[in-house]
2 protein chains.
Amino acid sequence: MQDSEHIIICENPSINDVIAKLNEAFNERRTTIIVGSCRVDYHGRASSKLEYGERIVIIKEDGSVLVHRSKGYEPVNWQPSGCVLQALKDNDELIIKATKRNPSETVTIFFDRVYLLSIFKLIDEGKFSLYASEEDMQRAILIEPTLIEEGFKPIDYERKVEPGFIDIYGVDKNGRMVVVEIKRRTANKEAVLQLAKYVEYLRKDLSREVRGILAAPDISREANHLLLSLKLEFRRVDPKKCFKILKKNRVRKITDFFK
Amino acid sequence: MQDSEHIIICENPSINDVIAKLNEAFNERRTTIIVGSCRVDYHGRASSKLEYGERIVIIKEDGSVLVHRSKGYEPVNWQPSGCVLQALKDNDELIIKATKRNPSETVTIFFDRVYLLSIFKLIDEGKFSLYASEEDMQRAILIEPTLIEEGFKPIDYERKVEPGFIDIYGVDKNGRMVVVEIKRRTANKEAVLQLAKYVEYLRKDLSREVRGILAAPDISREANHLLLSLKLEFRRVDPKKCFKILKKNRVRKITDFFK
DNA sequence: CGTGCCAGGTGCCGT
DNA sequence: ACGGCACTTGGCACG
């Protein structure tokens, strides 16, 4: 949206003007915001009727439609992505029809007044990540050690050794020592080196084979290269899954309490 | 919003300008739309991070906050109604903090660029009515019990028993107890188990035979299998048909009035 | 595709 | 506050 030509902002536009601009926006898959007085009909899985009032309507570039009132998290009416959009005029009203198949559903918005029309080409490549805290991930792995691998048995966590604290250590199904380093976000080289430090120390200290496993939602290319060269291992651990395990565990405890 | 003084629309406003106007809007409980480039942090039940990108932020008069990307029905980040809002400046960025207690949650939005700021006093008294909901189906069955079967006589609805609320219960033409569980869409296993729970409880409690009928537009194969094995019954009931019955009933009442 | 299951679910209504 | 439950639930993973 660097170019200002990609922004259209009209205060109190005429209905005809809105219709022309909307149809162009639908064609070019722009994101549109309309603020004005409208009523809304919905027919599909259910039916609904919303009387006139001042609302915010958002039409996104994937064809999703949201009608928001002045309160609350949820839209009062909506249409999921992938619907067919149409703007037309009838009785001096602006009518926006959003139609979808399977299930067949229609949302029709009747504007008798538009205060603001704005159309954008939103550029948004930003990555969204949902994660648990490192402690959450650690607890989840202790509850559900198969998150690391089949047969992994944790022995202790936050164990102090000379170079620092080991997140989790235990043994694998073959009785080999395993050190686990947890990162809640994409692991970088620093994380690999941290793991390497512990593994190195334990190998020397115990004079036995020690496996090092980096547990994180992802690992950077460079870090992975380093990891492989150091003969360490990576295990993808999904933070969302960790959440679920913790949550389930909480529930289980509560139900246990009521038994 | 008749008075145009209730509308503020600023294109490419300065950060200072936005902060001043936002804090006033928060005070006066206005509805605000901000379009610009931002990143978002969330901490609470989970945690999330959203990198920079162009988005639409809506802050409603009840304190709910929505961050919408250019695609999809759902906001990428949000805060439910009743949170504390704060707008401040840091490192030439606009920071909006939305904080809530119980559960303690924070959404922080960092804008490095604002394309549009608009503030409204939305007046919206319009009534919203939804038809063909589960409640409509329930009312329709109470008016027209043959929707379940010939000779069915409802006794009570939304009856609280130990495991929860029974949608409708009554007796069949042979005087046997009947429990009805209503679903407005294809019934799944959960619905069957819900019904089973009530039937089980009543059988024990009353020490008499109890029939369980699942009333829904459809039932999944697996759910049907479970239903049969539990010796429960399914009755196809169309939500739309229920709505028509209600409508007819309203009409009948009106015509009765004119007799 | 359907079907099941989860969600930072949300919202509503009850004790 | 907590519980039970519907929702145009939406979304995703999986058979």
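Computed from a prediction, not measured in an experiment: that's the story for all the values here. Letters go in sequence order (proteins before strands), and every chain restarts at 1.
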d(CD, Glu74(B); C1', dT8(D)) in whole Å: 14 Å
What about Glu105(B), does its side chain sit under 3.5 Å from the base of dG8(C) through a donor-acceptor pair? yes
Going by the rule salt bridge (charged side-chain N to carboxylate O under 4.0 Å, His left out), which residues pair with Arg55(B) if we only count those two or more places apart in sequence or in a different chain? Asp124(A)
Which of the following nucleotides, dA6(D), dT8(D), dC5(D), is nearest to the side chain of Lys183(B)? dA6(D)
Could you work out the separation of dA6(D) and dG10(D) based on their C1' atoms and round it to a whole Å? 15 Å
Side-chain N or O of Ser220(B) versus OP1/OP2 of dG2(C): is the shortest distance under 4.0 Å? no
Looking at Arg45(A), I'd like to know whether one of its side-chain N or O atoms comes within less than 4.0 Å of OP1 or OP2 on dC7(D). no
Taking atom P in both dT8(D) and dG4(D), what distance in whole Å separates the two? 23 Å
5'-most by nearest nucleotide on DNA chain D - Glu134(B) or Lys160(B): Lys160(B)
Name the closest nucleotide to the Arg184(B) side chain, picking from dA1(D), dT8(D), dG9(C). dT8(D)
Could you work out which one of dG4(D), dG4(C), dG8(C) sits closest to the side chain of Tyr42(B)? dG8(C)
Please measure how far the P atom in dG4(C) lies from the corresponding atom in dG8(C), and state the result in whole Å. 22 Å
Nearest to the side chain of Trp78(B), heavy atoms from C-beta on, is which of dT9(D), dG9(C), dG11(C)? dG9(C)
For Gly164(B), answer base if it contacts any base atom (sugar-phosphate contacts may also be present), sugar-phosphate if it contacts only those atoms, and nothing otherwise; contact means non-hydrogen atoms under 4.0 Å. sugar-phosphate
With a 4.0 Å cut-off on N to O distance, would you call Arg30(A) and Glu61(A) a salt bridge? no
Students often get this wrong, so: under 4.0 angstrom with heavy atoms, is Lys100(B) touching a base, only sugar-phosphate, or nothing? nothing
Which part of the nucleic acid, if any, lies within reach of Ser133(B) when heavy atoms closer than 4.0 Å are counted: base, sugar-phosphate only, or nothing? sugar-phosphate
Note: Lys189(B)-Glu222(B) ion pair, threshold 4.0 Å (strictly below): yes
Within the structure, does a side-chain N or O atom of Gln194(B) lie under 4.0 Å from either OP1 or OP2 of dA6(D)? yes
Here the gap from Arg113(A) atom CZ to Glu93(A) atom CD, rounded to the nearest 0.5 Å, amounts to 13.0 Å
Is the base of dG8(C) touched by the side chain of Gln79(B) through a donor-acceptor pair closer than 3.5 angstrom? yes
Hey, does Val161(B) reach any base, or is it just sugar-phosphate, or nothing, if we go heavy atoms under 4.0 Å? nothing
Checking dT3(C), dT9(D), dG11(C) against the side chain of Arg185(B) (C-beta onward), the nearest is dT9(D)
